[in-house]
Amino acid sequence: MKMLLDTHLLLWAANDPERLSAKARAVFDNLEHELIFSAASLWEIAIKNGLGRADFKVDVRLLRRGLLDNDYKELAVTSAHAVFLESLPHIHKDPFDRILVAQATVEGITLLTADSVVARYPGPIQLV
């Protein structure tokens, strides 16, 4: 099963794994899952790190390399994802979270999130 990871799950897995819930760890450890990260997550990290956000302190180049080296697949942002944003209800204001929801829905893959607000969207979203 394909699993798109939200930005915080990526950061926690790379730098702070004790923050991952047991449910999230089980997904990460299941070899039947194809773990996917979005280019939008790296974009978010680069922007928020540049703004000095302490919770986004990571070298985005090293994070990307580590994800690819550990067989995570990268998902590009496409125009189909951008167009789908228009149909999303206004549950969450963060544009990065909204594009992840759009990507998961358009691609038919499950979005894993630790954000209970994101989990309120209809579609293939799993709160972990």
Side-chain angles (χ1 to χ4, degrees):
M1 175 182 266
K2 293 181 177 186
M3 302 289 201
L4 177 62
L5 306 175
D6 81 1
T7 306
H8 275 98
L9 291 178
L10 288 174
L11 288 169
W12 295 342
N15 295 322
D16 207 1
E18 62 277 357
R19 291 197 62 184
L20 292 170
S21 69
K23 197 172 180 181
R25 276 188 236 116
V27 170
F28 279 77
D29 293 341
N30 185 334
L31 298 177
E32 293 181 16
H33 291 148
E34 181 179 350
L35 301 178
I36 302 168
F37 69 96
S38 172
S41 289
L42 297 187
W43 182 17
E44 178 181 16
I45 293 165
I47 288 172
K48 292 180 178 177
N49 187 18
L51 294 173
R53 289 265 309 260
D55 54 336
F56 287 85
K57 281 287 181 212
V58 65
D59 183 325
V60 74
R61 287 173 295 279
L62 290 177
L63 176 61
R64 180 179 183 272
R65 182 77 264 144
L67 291 168
L68 293 171
D69 287 348
N70 285 286
D71 295 323
Y72 288 63
K73 304 301 180 217
E74 183 173 356
L75 179 61
V77 177
T78 69
S79 59
H81 302 146
V83 169
F84 189 79
L85 288 170
E86 187 175 56
S87 67
L88 283 180
H90 293 283
I91 295 171
H92 206 298
K93 294 181 183 190
D94 187 304
F96 295 106
D97 288 322
R98 290 175 55 80
I99 197 69
L100 293 175
V101 170
Q103 286 183 294
T105 305
V106 168
E107 299 299 326
I109 57 181
T110 301
L111 173 62
L112 295 180
T113 184
D115 185 331
S116 61
V117 177
V118 171
R120 290 179 22 213
Y121 277 99
I125 301 169
Q126 183 178 342
L127 185 64
V128 292

Discussion item. Ignoring hydrogens, what is the shortest heavy-atom contact between L9 and L112? Give both atom names and the distance.
Written reply: CD1-O, 3.3 Å
Worksheet item: What distance do H90 atom NE2 and L85 atom CG have between them, rounded to the nearest 0.5 Å?
Response: 9.5 Å
Worksheet item: So does D69 pair up with R65, basic N to acidic O under 4.0 Å?
Response: yes
Practice prompt. Hey, could you give me the CD1/CG distance between I45 and L11, rounded to the nearest 0.5 Å?
Written response: 4.0 Å
Fill in: Sole candidate of H33, E32, E34 that passes side-chain contact (heavy atoms from CB on, under 4.5 Å) when paired with M1
H33
Item to complete: Show the numbers, then the answer: is there a salt bridge (Lys or Arg N to Asp or Glu O under 4.0 Å) between R19 and D55?
Response: CA-CA 12 Å; R19 291 197 62 184; D55 54 336; over 6 Å; no
Worksheet item: Is there a side-chain contact between D97 and V101 (heavy atoms, below 4.5 Å)?
Response: no
Worksheet item: Hey, are the side chains of Y121 and P89 touching, using non-hydrogen atoms and a 4.5 Å cut-off?
Response: yes
Discussion item. What I'd like to find out is whether the side chain of V77 reaches to under 4.5 Å of the side chain of W43, using heavy atoms alone.
Written reply: no
Worksheet item: Testing E44, H81, Q103 for side chain to side chain donor-acceptor pair (under 3.5 Å) with S38, which one passes?
Response: Q103
Response to the item:
Exactly one of L35, L75, I109 clears side-chain contact (heavy atoms from CB on, under 4.5 Å) with K2, and that residue is I109
Worksheet item: Do the side chains of I125 and L100 join up, straight or via other hydrophobic residues, at under 4.5 Å, putting them in one cluster?
Response: yes
